[in-house]
2 protein chains.
Amino acid sequence: MKTADPELMRAINRFHVLDTIRRYGAISRVEIGDRIQLSPTTVSAITGSLIEDGLILPKHEGDLRGGNRGRPRVMLALNPKAARVVGAKIAATRLAFVVTDFQGDVLAELVLPLRVDRLPLSVIADLVEDGVRRCVLDAGIAMADVKSVAVSLPGIIEHGTGLVRASSIFRDADVPLKEAVVERLGIDVIVESDANAITMGEHWFGQARDCDDFVLVAIEDNLTLGVMHGGQIFRGARELSLTLGDMVMGADPDHAVKLADVASEKAIINGEEINNPRMRDAIRLGSGMSHVRDMIEAGDNKLRVAASNAGAALGIAIANLVALFAPPRVILVGSTLTLGPHLLDALQSSFAKAIPQSLREVAQIVIENADDRLWARGAAAVALGELYGSPWGTTGPARTFNADALEGGKSL
Amino acid sequence: MKTADPELMRAINRFHVLDTIRRYGAISRVEIGDRIQLSPTTVSAITGSLIEDGLILPKHEGDLRGGNRGRPRVMLALNPKAARVVGAKIAATRLAFVVTDFQGDVLAELVLPLRVDRLPLSVIADLVEDGVRRCVLDAGIAMADVKSVAVSLPGIIEHGTGLVRASSIFRDADVPLKEAVVERLGIDVIVESDANAITMGEHWFGQARDCDDFVLVAIEDNLTLGVMHGGQIFRGARELSLTLGDMVMGADPDHAVKLADVASEKAIINGEEINNPRMRDAIRLGSGMSHVRDMIEAGDNKLRVAASNAGAALGIAIANLVALFAPPRVILVGSTLTLGPHLLDALQSSFAKAIPQSLREVAQIVIENADDRLWARGAAAVALGELYGSPWGTTGPARTFNADALEGGKSL
DNA sequence: CCAATTAATTCGCATCGCTGATTAAAGCGG
DNA sequence: CCGCTTTAATCAGCGATGCGAATTAATTGG
């Protein structure tokens, strides 16, 4: 139980000030006070301490203020050099890295087009190490300057322990990825689901900068889900990340299919690559979906139907998410979206059919064309988010205590 | 933005103290301090103020303490008379009311076995008024003693405004139920989804007293969903409640069915009552499911299959919930559970098939045989919860601001 | 150059929680 | 029976926090 003392109070206000500076860029003390309802006195005290700690800097340029009389406002901005972090994305066909400064601005990026799925942990961890070191070098800084590394990958991840419980990247379950990367890099490592990473990315840099509550659906090899609620990543039991590909579509267990069996890229391609070397190459290069799009546009009916079916299933799944979470916004990202209308037309019409009348106006659906950079930058945002350290339990996991205390009621 | 000042600090600690006294009944000051990591001084100050406000009372009996030497602990308990609230449940076949004291102990209860669905708002509001007034009278108190009334019903409810956006109880959409009841009773009224009400009920009185994170599935005429996250009800956009019956089962929009079309009580009965007057009576009396159970046990194969299909669909839906929310616990409640194994066997086996391996151990599934009283008491807990007033935004809704601030990205 | 205006800081105050000392209320032992 | 020990609860004083009022700073306008 977090007890509220003056220290916590300060931590909360300090976080809000820092977060406001991050969100609104160069901003004056008065405006911070207006935005978060804090007296000028307190804002001054907190910004003073932030400057002293080197987290923010006064900027004397660009003094835009309400009137233009009176003493000019001193603008404050994050000190880019306050910290550097690395964000990494592990996808089936590539590894992407970015080094960012404290603002999340990219100092260096690197994409390694390698097919890494099903490789053993040690090899993947080695590749991550190489990528991180290379990218850090490219950024012109030393490893010692890097505060932490966030690694994101598809699947079900235990945030705190950095355990990968299930992922298409690994053959095995319960892979201790965090441990392996820490061992190689010797700095703080955060392992996070790719959906949660890009959810943070959208919140910090993308379609959801204005929005503390939304659901994000990542449509790639895997179908994953990120939920932002009140500005915090929603986490399940034991800080598990959420998953969408495991959603079972169908009322009858004997004829039901998983969403991933209909709407993942593998499902759309459905073995097509076996007899089609160009497709095989495209997949290997990570451009499978644009090749599929080209083939559809060249008249391939089988793929057209597959894409349409995937879209239809996704539309239903998204309608279900709207019923279950009632989010003000749903963001779609992922390489599958390069199929464009071949996927989206069916998605939209099936969403419209599946969504109940009363929820039709609730959620705004937005499509983001996220590139590797945004994914990796999202991972960096995860790392930065922990540095910023929101006080009321960075991102609260779902917990159960005294499990023995159950009374009555049967348990399955 | 909630600014953190000493007042908020005190409010937080005060809430924790009060909540601890509520949870653990008669408890001494030292033990409160131990539990919530607060110094004895602070606990004394806060409990002093709570006593002064008449919210709690010192009890000199039952002084069980660690050792039995030294000054005995003075136990503190809620002052039952600090407030009274009414909780009401509107279900298709009955209205249930309870009057509770500040502890949530039931002072009076009333069940009106009336078929109320599809009645106009004014009639239902009148019935609620009558029930509340009657029940308050039975409790031996006056309406003026009642601090607030919480009315729960199935469907999609906007918590703040008390607007019923969709419910099987009302023919129309967007029914201003809160307004209608306020007008009649002239006191604070809260309208809440029945699932959220019983979710609070389980958290306060039932299977989830030890657990701040769980998902509850209410299986009755409607299928509704309550999510407790970090001790708070999870709310969607505009404080909407969540729904499960609208979940679409199936990957193909042309052949998909809503969960409610397979697993609601109406779906199980599936017109059976038309030719069966005893069934019709049982439904009217609200004991439709026990009659169905009897008929199944008497050899009715059609109903057996229907129940089994409902269970199978529910098993899938629950597996989906576990994938999407990763909750440590899932609680099942609702009258449909009286079907017992005829429903649960299929539910369990289809859940087992649908749940991915990596999530198998995540959620504990618990069945609660909730009676009308617990539902209504849950509503009362909603009302009490607002009185206790947790400070950091009683139960946070999902919000979106500056919707115009979107850049790039297409919108469907 | 001075008044007006706006920004930022300083000062003094009230509130809060905490540590350490003090008082209160019981049991234990001679 | 009375004093010692033990534990609970409160009191006094301290440091931290946020806030309002007054003060200082920096700029514009006349």
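Within every chain, numbering begins at 1; the chains are lettered A, B, ... in the order of the sequence lines, protein sequences first and strands thereafter. Not measured: the values here are computed from a predicted model.
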message: Students often mix this up, so state it plainly: with edges at 30° and 60°, are the rings of A:F102 and A:Y388 parallel, tilted or perpendicular?
response: parallel
- request: Please report, rounded to the nearest Å, how far the P atom of C:dC18 is from the CE atom of B:M9.
  value: 8 Å
- prompt: Mapping B:P6 and A:S28 onto DNA chain C by nearest heavy atom, which one lands closer to the 5' end?
  reply: A:S28
- prompt: Do A:I51 and A:L76 have side chains that get closer than 4.5 Å, going by heavy atoms?
  reply: yes
message: Under 4.0 Å, heavy atom to any atom of DNA chain D: which of residues 45-53 of chain A qualify?
response: none
message: Rounded to whole Å, please give me the gap between CZ in A:R73 and P in D:dT28.
response: 15 Å
- prompt: Could you give the CG-to-P distance, from A:D34 to C:dT6, as a whole number of Å?
  reply: 14 Å
query: For A:L8 and D:dT17, what is the distance between atoms CG and P respectively, to the nearest whole Å?
result: 12 Å
field: Side-chain (A:K178) to main-chain (A:G160) donor-acceptor, under 3.5 angstrom
entry: yes
query: Under 30°, 30 to 60°, or over 60°: which ring-plane class applies to B:F234 and A:F325, parallel, tilted or perpendicular?
result: perpendicular
field: Positive for side chain to side chain donor-acceptor pair (under 3.5 Å) with B:R329, one of B:Q364, B:Q207, B:E202
entry: B:Q364
- request: Rounded off to whole Å, could you give me the CG-to-P distance for the A:L76 and C:dA7 pair?
  value: 13 Å
- prompt: Which listed nucleotide (D:dG18, D:dG15, C:dA24) is nearest to the side chain of B:R71?
  reply: C:dA24
query: Once you round it to whole Å, what is the distance between P of D:dT17 and CG of A:D5?
result: 10 Å
Might you list the N or O atoms of the protein lying below 3.5 Å from N or O atoms in nucleotides 28-30 of chain C, with each pair's distance?
unit_1, atom_1, unit_2, atom_2, d
C:dC28, O4', B:R69, NH1, 3.2

- prompt: Any idea which of D:dT17, D:dC11, C:dA7 is nearest the B:T41 side chain?
  reply: D:dC11
- request: Give a yes/no on whether any side-chain N or O of A:T42 is located under 4.0 angstrom from OP1 or OP2 of D:dC19.
  value: yes
Nearest-neighbour nucleotide for the B:R29 side chain, C:dC16, D:dG20, D:dT10 considered: D:dT10
- prompt: When the distance from CZ of A:R10 to C1' of D:dG18 is rounded to whole Å, what number comes out?
  reply: 9 Å
task: Take the protein atom CD1 of B:I12 and the nucleotide atom C1' of C:dG17, then report the distance between them rounded to whole Å.
output: 13 Å
message: Is the phosphate of C:dG17 approached by B:N13 (side-chain N or O, under 4.0 Å from OP1 or OP2)?
response: yes
